[in-house]
Enquirer: 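The structure's right below; bear with me while I get my questions together.
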Protein chains: 2
Amino acid sequence: MNIYDISKKAGVSIATVSRVLNGNEKVSEKTRQKILAVMEEAGYKPNAFARGLGLNTMKTVGILCANSSDAYLASAVYFMERELRKNDYNSILCCCGYELEDKQKYLELLLSKRVDAVVLVGSNFVESTPEKNKYILDAAGKVPIIILNGYLAADNVYCSLCDDKEATCRVTGRLLETGRKNLLYLCRAFSYSGQKKIEGFRQAFADKNMKLEEDQIQIFNGSIPEVKEMLSELSNRGVAFDGVLASDDELAIGALKYAKEKGLCVPGDLALVGYNNSKMGICCDPELTSIDNKLEFSCINAATVLMKVLEGSPVPSKTLFSADVVERGTTDIFAVRT
Amino acid sequence: MNIYDISKKAGVSIATVSRVLNGNEKVSEKTRQKILAVMEEAGYKPNAFARGLGLNTMKTVGILCANSSDAYLASAVYFMERELRKNDYNSILCCCGYELEDKQKYLELLLSKRVDAVVLVGSNFVESTPEKNKYILDAAGKVPIIILNGYLAADNVYCSLCDDKEATCRVTGRLLETGRKNLLYLCRAFSYSGQKKIEGFRQAFADKNMKLEEDQIQIFNGSIPEVKEMLSELSNRGVAFDGVLASDDELAIGALKYAKEKGLCVPGDLALVGYNNSKMGICCDPELTSIDNKLEFSCINAATVLMKVLEGSPVPSKTLFSADVVERGTTDIFAVRT
DNA sequence: TTGTAAGCGTTATCAC
DNA sequence: GTGATAACGCTTACAA
């Protein structure tokens, strides 16, 4: 069943059928109705591949992310897909892990599938050197690239992200103001947002003319029990800390487990702040104070920006959202400290 | 840059170029090398839409799921995408929520995109009546349908799932044997797997000739604090329970919060068992005993089955995995009860 | 082993 | 408004 069959049954040419298929105005209401009726009756569905060939688009965007089973990335993928779908775009999901080589490979794969755009979900796509980011620029030469939670200044690259630096600085500042002396920052890797968070942490100390030791920032990529171990060792090595900020909730919960094991009072002896405001944070006890970086907003914005770009409207190449601090039982920075 | 350009530059016909593109044997090594060299130099990438039109496939499968930000479904989507990609298939993700109307609508949407198959992720796709499942059968008339964690006996429908009934029965049995008198089952909805879990719960009582009251099974679709509330009310109404089994970890953690609030000892006064063995279960304290339903295995199997189906090999229409019980701090059913 | 030519099912540019 | 007809870029008999 194709456009020819329909045209025959309706007694018109394929051009006219194609016109009603594409909502072209220049078809008399009568023939339009006739054709629609024939289509309906025949259960006709236009061939998407032929359509793609003719229009040079299948209205799909590629969503590239390291690991969509990670709670945070999963939410981002979910929101992006939803927003794109609202705009009649389908999403091809591709999880590429954290290796540069694979990110590159799968970005190219998506392009070879002729997607209309690519969304890079997660700041881990932006590397530390221009050479390593070349693969993004290459792709941006073909289709618009949207980066979620990362920033790269380049043509045809659009970024939607949270002001992680400011939020981390704000919370760190409050912890210092409420009397914490020895804060620790736990971070998984030097991704773009990881860097920003660390900058915010440093900034808070700088703002108060306080000195920061190198071992107050720990880059550690481990699971909950591993974080617990690591902090035990750190403590045994003589590093003291009465507050831990982390770049995600899992790390912070690792610290909570450490406190439990050590018999420390939370937040009395040890204050804890996570990041992402994930469900994990309300599973523990006390529940975790966490920074909410407005992921849903960011995704909605990203989709809006992309649609504008695709229709040729001017858009900002960078949108920055401020984060919220959701205070729960592991801190007392906004309430009065007891 | 298309196949004609390449054929000219290489001094051959487009048919020959197409042959090397498709790995056809009948091309002399010499001309193959020549053509490959020309392609390489020209940076030629075949047009995926034209290819799709000619081959009637773009090697994509649709992944339909209610909500890919749900931790469990997110993992399933992740594993499926990974396995499909290993087999050179791309995944179009579509999140359709829990309404029958939308499930139907988006399944049709995927088919209109000419996917080679559709994976239904989650038992919620299988409804309780044949009429409501008709949309799946219709789709199965066009492409193979794989159901993850659900079962529907039909032509061209293949199911990969866990034996939830047996696992629930086993754990319930152990709880009864270790002296629990009043067990409660918490479940979100009557999905296929939800039904099976409840059946398992009932079976365990039947096996021991024990009677089960209707209020020992609670269908409740709420978040952690809501579960806590609900259990408080239940308790106030005079329903006693010394053990709670849940159809997912979040429900079980809600019960844990209830125990904390009530000052109950876990597992002494109240034993808790979750389902899915998610990360949430290791965030709480004590950590949650949970049933692991071998999701990764199931996804790998689903992909294997699908590949076989697509190549026309015979495969079982149903694969059943047995679940593991991961015992942690909220039960003492496999260790000796203290 | 290679080439010619007829599809695949659309869209879009012309005329009328 | 409508209809021929030429793209779109590839695959694949069928010939040679």
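Chain A is the first sequence line, chain B the second, and so forth, proteins listed ahead of strands; every chain is numbered from 1. FYI, side chains are in, hydrogens and waters are out, and symmetry mates aren't considered; it's all heavy atoms of this structure. Note that this is a predicted model, so its numbers are computed, not measured.
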Enquirer: Report the distance from atom OG1 of B:T60 to atom CD1 of B:I92, rounding to the nearest 0.5 Å.
Expert: 4.5 Å

Enquirer: Could you say whether A:G54 or A:E25 is positioned toward the 5' end of DNA chain D, judged by the nucleotide with the nearest heavy atom to each?
Expert: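 Nearest nucleotide further toward 5': that of A:E25.
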
Enquirer: Assess B:K103 against B:Y98: is NZ or CZ under 6.0 Å from the centre of the six-membered ring, and within 45 degrees of the ring's axis?
Expert: no

Enquirer: Does A:R19 make a side-chain donor-acceptor contact with the base of D:dG3, cut-off 3.5 Å?
Expert: yes

Enquirer: C:dT2, C:dT10, D:dT11: which one has an atom nearest the side-chain heavy atoms of A:I14?
Expert: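 Nearest nucleotide to the side chain: C:dT10.
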
Enquirer: Measure from CG on B:N56 to P on D:dT11 and round the result to the nearest Å.
Expert: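 About 13 Å, once rounded to whole Å.
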
Enquirer: With respect to the side chain of A:S28, which nucleotide from C:dT2, D:dT11, D:dG1 is positioned closest?
Expert: D:dG1

Enquirer: Output the rounded distance in Å from CG (A:L21) to P (C:dT10).
Expert: 7 Å

Enquirer: Calculate the interatomic distance between B:L53 atom CG and C:dT10 atom C1'; express it in whole Å.
Expert: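 Rounding to the nearest Å, CG of B:L53 and C1' of C:dT10 are 8 Å apart.
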
Enquirer: Evaluate whether atom NZ of B:K142 has more than 12 neighbouring non-hydrogen atoms of other residues, nucleotides or ligands under 6.0 angstrom away.
Expert: no

Enquirer: Determine whether more than 12 heavy atoms belonging to other residues, nucleotides or ligands lie under 6.0 Å from atom NZ of B:K308.
Expert: no

Enquirer: Starting at atom CG of A:N24, determine the distance to atom C1' of D:dG1, rounded to an integer number of angstrom.
Expert: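 Result: 10 Å.
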
Enquirer: In whole angstroms, how far is the P atom of D:dA7 from the CD1 atom of B:I3?
Expert: 18 Å

Enquirer: Using the side-chain heavy atoms of B:K26, tell me which of these nucleotides is nearest: D:dT11, C:dT1, C:dG3.
Expert: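 The listed nucleotide nearest to B:K26's side chain is C:dT1.
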
Enquirer: Rounded to the nearest Å, what distance is computed from the CE atom of residue A:M58 to the P atom of nucleotide C:dT10?
Expert: 13 Å

Enquirer: Quick one: is B:T16 getting a side-chain N or O under 4.0 Å of the C:dG3 phosphate, OP1 or OP2?
Expert: yes

Enquirer: So, OP1 or OP2 of C:dT4: does either fall under 4.0 Å of a side-chain N or O from B:Y4?
Expert: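 Checking B:Y4 against C:dT4: no side-chain N or O falls below 4.0 Å of OP1 or OP2.
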
Enquirer: Looking at C:dT10, D:dA4, C:dG3, which one has an atom nearest to any side-chain atom of A:R51?
Expert: C:dT10

Enquirer: Ignoring the backbone of B:A15, work out which of C:dT4, C:dT11, D:dG9 is nearest its side chain.
Expert: C:dT4

Enquirer: Does D:dC8 have OP1 or OP2 under 4.0 Å away from a side-chain N or O of B:N47?
Expert: no

Enquirer: I want to check one thing: is the phosphate of D:dT12, taken as OP1 and OP2, less than 4.0 Å away from some side-chain N or O of B:S18?
Expert: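 No, because none of the side-chain N or O atoms of B:S18 sits under 4.0 Å from OP1 or OP2 of D:dT12.
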
Enquirer: When you check the phosphate oxygens OP1 and OP2 of C:dT10, does a side-chain N or O of A:N2 lie under 4.0 Å from one of them?
Expert: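 So the side-chain polar atoms of A:N2 never come under 4.0 Å of the phosphate oxygens OP1 or OP2 of C:dT10.
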
Enquirer: Under 4.0 Å, heavy atoms only, any strand: does A:L55 hit a base, just the sugar-phosphate, or nothing?
Expert: sugar-phosphate

Enquirer: Specify the separation, in whole Å, of atom CE of B:M1 and atom C1' of D:dC8.
Expert: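 So the two atoms are 16 Å apart, to the nearest Å.
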
Enquirer: Starting at atom CZ of A:F49, determine the distance to atom P of D:dT11, rounded to an integer number of angstrom.
Expert: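 Going from A:F49 (CZ) to D:dT11 (P), I get 13 Å.
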
Enquirer: Go nucleotide by nucleotide along DNA chain C from the 5' end; which of B:E29 and B:A50 gets its closest nucleotide reached first?
Expert: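 Comparing both residues, the 5'-ward one is B:E29.
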
Enquirer: Is atom CD of B:E99 surrounded by more than 12 heavy atoms (other residues, nucleotides or ligands) closer than 6.0 Å?
Expert: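 Not buried by this count: 12 neighbours or fewer within 6.0 Å.
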
Enquirer: Is A:R51 close enough and on-axis enough to B:F49, meaning under 6.0 Å and within 45°, for cation-pi?
Expert: no

